[in-house]
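One structure is given below, encoded as structure tokens.
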Amino acid sequence: MPRANDAVEAVLLEYADLLAILSEDRFKPRSYEKAARAVGGYHADIGTLEPAEILKIPNVGKSIAEKIQEFLREGTIETLESLRAKIPPGVRDIIAVPGVGPKKAMILYQDLGIANIDDLRAAVESGRIAELKGFGARTESNIRRGLERLQQQTGRALASVAMDLAEDFIERIRSNVDVERIDYAGSLRRMVETIGDVDLLVASDDPVPVMDAFTGIDIVERVLAKGEAKSSVLTRQGLQVDLRVVPAEAWGAAMIYFTGSKAHNIRIREMAVRKGLKLNEYGLFDAKSGTLIVAQTEQEVYERLGLPWIPPTMREDRGEVEAALDGSLPDVLTQKQLRGDLHTHTNLTDGLASLEQMLETASAMKYAYYAVTDHAPNLFMQRMTDEKMLAQRERLRKLQPKYPRMTLLHGTELNIDPEGNVDWGPEFLDGFDVRVASVHSMFGQSKDEMTRRIVRAMENPYVNVIGHPTTRKINQRQPVEFDLDEVFAAAARTGTALEVNAYPDRLDLKDEHIVWAKRYGVKFAVDTDSHATTHLDHMRYGVAMAQRGWLTKDDVINAWPLGKLRTFLRKGR
Ligand code: DGT
Ligand code: CA
Ligand code: CA
Ligand code: ZN
């Protein structure tokens, strides 16, 4: 079962949005939003907590705790219902349009009766918005652009969202019917950064009960199609899930077919044809006689085509088939090869968990080293001071004996200012084991300025890793612009690693950029940027992105033994 935390997070976020639209209080919505994030990232299942324990969740005060309990007990919150009664649900969607915001959404609703995105689109087209008091032509064109961006985004879910959903479906189907095999395929298995729909594959000789179990799951909103071989449903969160039932004997061929990508499939099907074979979802056949040759495992099918097994994350027809043929397919990074995480936060800044909680969770991941990298002072919201940083270092040293197998590294996440400088001078920086540096402000600089800014930061002999280099947030914020060739060349030259940030909204650098940077000899750090204990598990998304970028353990500094890592971090100082 999924944790109740997700449902509570969603309901508190809705509460925050509705308050932002309806109340004059600027702080209250923010406190609900913070509580929502805290619950979402909390290590324990909130459904199992006693009231006193709920109060211990960061950012959850008495009033919010009571609402959470009411929700867990009743399935809803009375005061939320009364807020919901005041405005149509579509108004909440409007505040998600870049350029609108809660106050404007309320005016649009009150003055023009705009109650959903479609109304808003019509109003923009008719020019009515520019005439509204306090809006004007500029706001209207901002909203128009916001709507366009929204259109590009909708329909594709974050890989993490799709993964949680897929795993939930798999578990529920398994607990209801006896299936020989069940797994996810499609773009999710290839770990593309966003997912159009989830594709599930089941091996069974008895499809009817499987389909019944699938379409009967309570998070299914609508059944789009139901047959013996294939069914499709729409979930309540609006994501489509396809399920296909195949005979167990054809599992491997079906997995290859439905994992895709389409381009990869076409490539290997052509290879089959040239060998006088025929490849489809039922197996690999002799083209003339139609006799089945192999179908049961992916391995067998690839092998018969003269290829090694190709990891799903590489099946994009980006040269993997050619590389496999000439024996140069790299052994891409695996999660087991990672020896540590070099970018994580605690509640000393904006993390949700204490240092002790983060270390406990990290040690369960069997890391050989682990870096704590809380935000440096120039991110003013985080109220960091030199004293706090030094006190944390002291605390970390005291905790070290508890973890004989995991070396605790003290680091920080520096802020790269518009000129490329960072928070501290050499003396203070020297006290850290590792320093990540990231752009957290002035995203709108020109391409030249941004290039100079990042290169300058990398030339700092203490900056080891550039955190989330393009600062994009998938479906939320565009990447900043810089000259990729110049930055990648400088990263290689200065011995600065570029991050592959595993946080599912970021995935930054992304696959194409990784491939590109690797050609310059850049080294990478695959990090979670965790702000909660549950985030440490996001490493899988970073590993997948690294695989999609064809990285091996030699390219990734946190796959190296500590001694080699330490040498890299010294940057020749
Ligand atoms: P998505 O859902 O847009 O994120 O991307 P995919 O790759 O999951 O695409 P989807 O769901 O349409 O199909 C799943 C896989 O099934 C796809 O990767 C390859 C295979 N497939 C689907 N339709 C075709 C087809 O017409 N020809 C071939 N060769 N393969 C197909
Ligand atoms: Ca799909
Ligand atoms: Ca599909
Ligand atoms: Zn960070």
Side-chain angles (χ1 to χ4, degrees), residues 154-159 161-163 165-166 169 183-201 224 230 232-233 239-244 246 253-273 278-282 312-317 341-352 358 371-376 378-379 381-382 384 411-416 423 434-440 465-469 471 473-474 499-503 505-506 508 525 527-532 535-536 538 542 548:
T154 44
R156 296 194 68 84
L158 292 180
V161 171
M163 183 63 83
L165 187 72
F169 266 90
D183 209 341
Y184 54 86
S187 53
L188 184 59
R189 185 157 178 250
R190 303 195 315 279
M191 287 284 227
V192 181
E193 62 187 38
T194 61
I195 307 299
D197 67 11
V198 171
D199 300 282
L200 300 178
L201 213 57
L224 303 171
K230 181 187 166 180
S232 293
V233 301
L239 206 60
Q240 184 176 325
V241 182
D242 294 345
L243 182 142
R244 291 179 183 78
V246 300
M255 274 303 263
I256 290 177
Y257 185 89
F258 292 113
T259 295
S261 65
K262 218 183 242 182
H264 174 88
N265 287 355
I266 290 171
R267 183 54 59 103
I268 59 175
R269 214 160 43 214
E270 288 167 358
M271 284 186 61
V273 171
K278 196 181 105 193
L279 177 64
N280 60 28
E281 63 265 53
Y282 305 106
T313 43
M314 302 182 82
R315 300 182 194 169
E316 296 291 352
D317 191 26
D341 197 333
L342 297 178
H343 182 176
T344 72
H345 297 272
T346 75
N347 62 6
L348 187 61
T349 53
D350 57 350
L352 293 165
M358 293 302 283
V372 178
T373 57
D374 271 317
H375 290 286
N378 293 352
L379 204 60
M381 277 154 57
Q382 310 302 342
M384 178 54 78
T412 183
E413 182 177 10
L414 303 163
N415 305 288
I416 305 176
D423 307 62
V434 55
R435 307 135 205 103
V436 178
S438 314
V439 169
H440 286 132
V465 179
I466 299 297
H468 43 75
T471 77
K473 288 203 177 161
I474 299 171
E499 187 171 68
V500 177
N501 189 296
Y503 205 79
D505 305 59
R506 290 195 183 267
D508 184 10
D527 293 330
T528 60
D529 197 359
S530 287
H531 285 71
H535 297 169
L536 289 167
H538 289 152
R548 294 179 58 80

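Note that ligands are numbered from 1 as they come in the structure, with each ligand's atoms numbered from 1 the same way. Basis for what follows: all heavy atoms, side chains included, without hydrogens, waters or symmetry-related copies.
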Problem set entry | Ile466 versus Ile416, closest heavy-atom pair with distance | CD1-CD1, 4.1 Å
For this session: Could you go through the side-chain contact (heavy atoms from CB on, under 4.5 Å) check for Glu281 and Arg244 one step at a time?
Result: CA-CA 11 Å; Glu281 63 265 53; Arg244 291 179 183 78; over 6 Å; no
Problem set entry | Exercise: identify the closest heavy-atom pair between Leu279 and Arg269 | O-CD, 3.2 Å
Exercise. Identify the closest protein heavy atom to atom 20 (C) of ligand 1: which residue and atom is it, and at what distance?
Worked result: Tyr257 O, 3.1 Å
Exercise. Can you list the steps and then say if His468 with Asp529 is a side-chain contact (heavy atoms from CB on, under 4.5 Å)?
Worked result: CA-CA 9 Å; His468 43 75; Asp529 197 359; 3.7 Å; yes
Problem set entry | side-chain contact (heavy atoms from CB on, under 4.5 Å) between Asn265 and Lys262, worked out | CA-CA 5 Å; Asn265 287 355; Lys262 218 183 242 182; 5.7 Å; no
For this session: Distance to 0.1 Å, residue and atom name: give those for the protein heavy atom nearest to atom 25 (C) of ligand 1.
Result: Lys262 CE, 3.5 Å
Seminar exercise, completed: Honestly, for Asp199 the part within reach of ligand 1 (heavy atoms, under 4.0 Å) is side chain
Exercise. Where on Ile266 is there a heavy atom closer than 4.0 Å to ligand 1, on the side chain, on the backbone, on both, or on neither?
Worked result: neither
Exercise. CZ of Arg190 to CE of Met314: how many Å apart, nearest 0.5 Å?
Worked result: 13.5 Å
Problem set entry | Expected output: side-chain Thr346 to main-chain Leu348 donor-acceptor under 3.5 Å | yes
For this session: For atom 29 (N) of ligand 1, grab the closest protein heavy atom and report residue, atom and distance to one decimal in Å.
Result: Arg269 NH1, 3.1 Å
Exercise. For Met191 and Arg548, which heavy atoms make the closest approach, and how far apart are they?
Worked result: O-CD, 3.1 Å
Seminar exercise, completed: Within the 2.8 Å cut-off the protein N, O or S neighbours of the Zn ion (ligand 4) are His343 NE2, His345 NE2, Glu413 OE1, Asp529 OD1
Exercise. Mind checking what makes side chain to side chain donor-acceptor pair (under 3.5 Å) contact with Ser261, not counting sequence neighbours?
Worked result: none
Exercise. Among all residues two or more places apart in sequence or in another chain, which pass the side chain to side chain donor-acceptor pair (under 3.5 Å) test with Asp199?
Worked result: none
Problem set entry | Backbone of Ala157 reached by a side-chain donor or acceptor of Thr194 within 3.5 Å | no
For this session: Find all atoms of ligand 1 within a distance of less than 4.0 Å from any non-hydrogen atom belonging to Gly196, and give their numbers and elements.
Result: 1 (P), 2 (O), 3 (O), 4 (O)
Exercise. So, Ser530 side chain and Leu536 main chain: donor-acceptor pair closer than 3.5 Å or not?
Worked result: yes
Problem set entry | Numbered atoms and elements of ligand 1 in range of Ile195, under 4.0 angstrom, heavy atoms | 4 (O)
For this session: Please indicate, with yes or no, if any protein heavy atom is found under 4.0 Å from atom 6 (P) of ligand 1?
Result: yes
Problem set entry | Minimum-distance protein heavy atom relative to atom 3 (O) of ligand 1 | Arg156 NH1, 3.0 Å
Exercise. What's the shortest distance from atom 11 (O) of ligand 1 to any protein heavy atom, and which residue and atom give it?
Worked result: Asp197 OD1, 2.9 Å
Problem set entry | Pair Val192-Glu316, side-chain contact (heavy atoms from CB on, under 4.5 Å): steps then yes or no | CA-CA 10 Å; Val192 181; Glu316 296 291 352; 3.8 Å; yes
Exercise. Any protein heavy atom under 4.0 Å from atom 27 (N) of ligand 1?
Worked result: yes
Seminar exercise, completed: In ligand 1, the atoms that come under 4.0 Å of a heavy atom of Thr259 are 18 (O)
Problem set entry | Metal environment of the Ca ion (ligand 2), protein N/O/S under 3.0 Å | Asp197 O, Asp197 OD1, Asp199 OD2
For this session: Could you establish whether Val192 and ligand 1 come within less than 4.0 Å of each other, counting only heavy atoms on the residue side?
Result: no
Exercise. Parallel, tilted or perpendicular for His345 and His375, by the 30°/60° rule?
Worked result: parallel
For this session: Using a 4.5 Å cut-off on heavy atoms from C-beta on, say whether the side chain of Lys473 contacts that of Arg506.
Result: yes
Exercise. Does some non-hydrogen atom of Leu188 fall short of 4.0 Å from ligand 1?
Worked result: no
Problem set entry | Donor on one side chain, acceptor on other, Asn501 and Asp508, under 3.5 Å | no
Exercise. Just by modelled atom types, is the Ala371 backbone N or O under 3.5 Å from a matching donor or acceptor in the Thr344 side chain?
Worked result: yes
Seminar exercise, completed: closest protein heavy atom to atom 15 (C) of ligand 1 is Phe258 O, 3.1 Å
Exercise. Is a side-chain N or O of Asp423 found less than 3.5 angstrom from the main chain of Leu414, in a donor-acceptor match?
Worked result: no
Exercise. Of Ala185, Ser187, Gly260, which has the heavy atom at the shortest distance from atom 4 (O) of ligand 1?
Worked result: Ser187
Exercise. Which of the atoms of ligand 1 are close to Arg190, meaning less than 4.0 Å from one of its heavy atoms?
Worked result: 7 (O), 18 (O)
For this session: Please could you name the atoms of ligand 1 that Gly186 approaches to less than 4.0 Å, counting only its heavy atoms?
Result: 8 (O)
